[in-house]
Amino acid sequence: MNPQVGIIMGSQSDLPVMAEAAQMLEELGVQYELTVVSAHRTPDRMVEYARSARDRGLKVIIAGAGGAAHLPGMVASMTSLPVIGVPVKSSNSIDGWDSILSILQMPGGIPVATVALNGGKNAGILAASMVGAFDAEVGENVDAYKKSLQEKVEKSAEEIEEKGWKAILKK
């Protein structure tokens with residue numbers, strides 16, 4: 001099966017954050033590809049990646065970047081596919097705010113869905129939800145994942161109610 005989601009990042013140093021997106025896509029049964037595409041250091045590679053994404057069968061692109069974080073917006077400007085931006089707190093970042101604002105504050109006409117700082121996991125879930133809107137099996141996997149979250153919270157509530165909060169904190 002061909003990849004449905006492309007995961008790209010500005011540099012390999014972003015991999016720990018972006019690997020969380022890949023892990024969620026695997027868990028939810030979504031095929032993906034993952035590579036490094038730098039808006040600043042490999043602009044021709046970025047243009048080719050963005051312009052060929054639809055023809056290669058991708059449905060969504062997750063783009064992670066730190067610092068100036070131009071990758072998600074530049075890719076979104078070259079494709080009609082939805083782009084999910086993941087701001088990454090990198091070594092050259094100003095507490096991550098530069099990355100957040102660079103991805104969040106897109107000009108009208110070039111939207112980028114933006115998740116939280118270092119939010120690779122949520123980017124994977126959001127991409128799977130987008131794919132799942134048109135792929136019943138993936139949609140069912142996302143539904144099951146969300147149901148498991150509900151069950152986890154309900155179990156936690158029961159435990160606190162039965163044992164009391166003091167007993168839980170002593171664990």
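These values consider heavy atoms only, across backbone and side chains, with no hydrogens, waters or symmetry-generated copies. The model shown is predicted, which means the values in this text are computed figures rather than measured ones.
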Do Q31 and V5 come close enough that some side-chain heavy atom pair is under 4.5 Å?
-> no
Under 4.5 Å between side-chain heavy atoms, hopping through other hydrophobics if needed: is there a path connecting M74 to L58?
-> yes
Looking only at atom types and distance, does a side-chain atom of T114 sit under 3.5 Å from a main-chain N or O of V112, one as donor and one as acceptor?
-> yes
Check whether any side-chain N or O of S156 sits under 3.5 Å from a backbone N or O of K152 as a donor-acceptor pair, and report yes or no.
-> no
Taking D135 for its side chain and E137 for its backbone only, find out whether a donor-acceptor pair lies under 3.5 Å.
-> yes
Can you find a heavy atom in the side chain of I8 that is under 4.5 Å from one in the side chain of V36?
-> no
Kindly indicate whether the side chain of R41, heavy atoms from C-beta on, has any atom under 4.5 Å from the side chain of S11.
-> yes
Looking only at atom types and distance, does a side-chain atom of S99 sit under 3.5 Å from a main-chain N or O of V88, one as donor and one as acceptor?
-> yes
Any side-chain heavy atom of I7 sitting closer than 4.5 Å to one from I61?
-> no
Say whether V115 and M9 are linked into one hydrophobic cluster, either directly or through other cluster members, by side-chain heavy-atom distances under 4.5 angstrom.
-> yes
Hey, does Y49 have a side-chain heavy atom less than 4.5 Å from the side chain of M78?
-> no
Close side-chain approach of R54 to K59, heavy-atom, < 4.5 Å = no
Evaluate the side-chain proximity of K146 to V142: yes if any heavy-atom separation is below 4.5 Å, no if none is.
-> yes
